Trainee: 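Please see the structure below; I have some questions.
Convention: sequence-line order gives letters A, B, ...; per-chain numbering from 1. If you're wondering where the values come from, they're calculated on a predicted model, not measured in any experiment.
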Amino acid sequence: MSLRVFNTLTRQKEPFQPIEEGKVKMYVCGPTVYNYIHIGNARAAVVFDTVRRYLEYIGYEVTFVSNFTDVDDRLINASKERGESVPEIAERFIKAYREDVGALNVRPADVHPRATETIPEIIAFIQKLIDKGYAYEAGGDVYFRTKKFRDYGKLSHQSIDELKVGARIQVGEHKEDPLDFALWKAAKPGEIKWDSPWGEGRPGWHIECSAMVEKYLGNTIDIHAGGQDLTFPHHENEIAQSEALHGQIMAKYWLHNGYLNINNEKMSKSLGNVILVRDLIKAYDPNVVRFFILTVHYRHPINFSDDLLKSAAQSFERLRITHLNLRHRLEKSADLLEEEKEKVWTAKTDEFRRRFKEEMDDDFNTANAISVLFDVAKEANVILQDKNSSRQVLQAYLDLLDEFANVLGLTLKQDVVLDEDIEALIKRREEARKMKDFATADRIRDELKAKGVILEDTPQGVRWRRI
RNA sequence: GGCGGCAUAGCCAAGUGGUAAGGCACGGGUCUGCAAAACCCUUAUUCCCCGGUUCGAAUCCGGGUGCCGCCUCCA
């Protein structure tokens, strides 16, 4: 079995074959940095970070590029409202983005280009489109001539006629056709601006991605990804720009993640139910948030609620406890394995690995991959029941858990550092238990529980963890 | 109007032709000084409804019901 991915372009799962053997060029549309990111943004970031990790796990060399949109209408509006400059706002929220997404264990991209640092390339791109007749200047704006691009609508599977029904020309725009979209917008007085052959202005939203993909990855890339809502118009327009200019396809595979709802309602400002990552990770371990996101297939809608998150926290705790218990037991175990028996265990762990890969190969089915993780934990727990477990076997299962968790960007390992006074209490309880003074032992155990430390007596001695 | 998605146990969620993964919660048992953790057992003769195709369907086809999304800034 090898990797198959669902391609929005064909609406089918296709065998994944990169353009260049062993290498993957991947671009993910990043945030417009005018605010803190919400959990919908987080889902996209986590999902495609996981895709990247898995591609690397199966041996690809991945070049991962993700942009920051640091100039556009929303930033300009925010600038007016807050009396702060556009670059100030952008800088602040880029920093916040890195923190938020970093907490969720999303690795930084190889390159994080910014629109404002790509202006010369954007202008050159637009100029070439004008030269080829795919774009026109009108009143200081430049628009893409949609009807000239024959494939327009191929990604969202809409005909131009159907799309026209919803299209509007805003007041002040000078489009030839309602479906045309801005490549360059003339600056209004006081707005942030750059010089261009068409006067002072700023790039439209879609053009930056086309220019960045070309600059950092080339004319055709392997994977272009983003949220479902970017399919139209953003990605459709990117395709129009890039393919009109280059005469070759922009990306082989287009991946889109599904929506995230809050208590079964769409998350939106008007409903007032937007949850910021920043706030969420104050209440929940970021690992749990990531785990929760990955328990649902990335293309399916995911519902968010307190109860669901609590349930996910319980679920994830099971994996963490097994991990912790393996480590505790490893300190007390000896190497007992004979060579032939080792082969049996290796065969078992290889089988888990095969299953994990099989699930991830099926369009990144993280939900099923996680179920393999639970099966590994179950097996490990059974081994922990045995009084004479071998060190090699325990270590093999611990490593396997870490290996899978790492592909998913999850951290199972917890370091439990105890204060001196807590250690002293544990020691006192041990002495009390030896003397069969269970009243004292239980009192200390309750006391520690109140402080967030759970004690568990095992045949190998006392074991502790934090709540 | 056009395009698309979803409906599986109390809850979450995989599964898209071969006889219902996994997790949470619940109940019983084992282990334990008691716990905790863990393990074992139990928990959907059945996958929104009605027809059809098939040796066989949650899975395919037709019809219906309900919910949702996109077509406009949006992950």
Trainee: Output the residues of residues 6-16 of chain A in contact with RNA chain B, where contact means a heavy atom of the residue under 4.0 Å from an atom of the strand; sort by number or write none.
Mentor: A/Arg11
Trainee: Based on Watson-Crick and G-U pairs with both distances under 3.5 Å, what dot-bracket line describes RNA chain B 5' to 3', crossing pairs as [ ] and inter-strand pairs as |?
Mentor: ((((((((.[[[..)..(...]]]..((((.......))))......[[[[[..)....]]]]])))))))....
Trainee: Roughly how many Å apart are B/rC26 and B/rC68, using the C1' atom of each and rounding to a whole number?
Mentor: 31 Å
Trainee: Listed by chain and number, what are the side-chain contact (heavy atoms from CB on, under 4.5 Å) partners of A/His300, not counting sequence neighbours?
Mentor: A/Val296, A/His297
Trainee: Taking only residues two or more places apart in sequence, or in another chain, which ones meet A/Asp442 in a side-chain contact (heavy atoms from CB on, under 4.5 Å)?
Mentor: A/Arg445
Trainee: Please tabulate, for side-chain N and O atoms in residues 369-380 of chain A, each donor-acceptor pair with protein atoms closer than 3.5 Å (sequence neighbours left out).
Mentor:
| unit_1 | atom_1 | unit_2 | atom_2 | d |
| --- | --- | --- | --- | --- |
| A/Ser371 | OG | A/Asn368 | O | 2.8 |
| A/Asp375 | OD2 | A/Arg355 | NH2 | 2.6 |
| A/Glu379 | OE2 | A/Lys348 | NZ | 2.8 |

Trainee: Counting only non-hydrogen atoms, which of residues 436-449 of chain A are less than 4.0 Å from RNA chain B?
Mentor: A/Phe438, A/Asp442, A/Arg445
Trainee: Check nucleotides 22-24 of chain B for protein N or O atoms closer than 3.5 Å to its own N or O atoms and list the pairs.
Mentor:
| unit_1 | atom_1 | unit_2 | atom_2 | d |
| --- | --- | --- | --- | --- |
| B/rG23 | O2' | A/Ser315 | OG | 2.1 |
| B/rC24 | O2' | A/Ser311 | OG | 3.3 |

Trainee: The criterion is salt bridge (Lys or Arg N to Asp or Glu O under 4.0 Å); which residues satisfy it with A/Arg329, sequence neighbours excluded?
Mentor: none
Trainee: Is A/Asn365 near enough to B/rG15 that one of its side-chain N or O atoms lies under 4.0 angstrom from OP1 or OP2?
Mentor: yes
Trainee: Using a cut-off of strictly less than 4.0 Å between a heavy atom of the residue and any atom of RNA chain B, enumerate the qualifying residues of residues 457-467 of chain A by number.
Mentor: A/Asp457, A/Arg463, A/Arg465
Trainee: I'd like to check the salt bridge (Lys or Arg N to Asp or Glu O under 4.0 Å) partners of A/Lys282; sequence neighbours left out, ordered by chain and number.
Mentor: A/Asp279
Trainee: I need the residues from residues 230-243 of chain A with at least one non-hydrogen atom less than 4.0 Å from RNA chain B; give them sorted by number, or say none.
Mentor: A/Leu230, A/Phe232
Trainee: Among residues two or more places apart or on two chains, list those pairs meeting ring-ring contact (aromatic ring centres under 6.0 Å, His included) that have a residue in residues 251-271 of chain A.
Mentor: A/Phe16-A/Tyr253, A/His224-A/Trp254, A/His235-A/Trp254, A/His235-A/His256
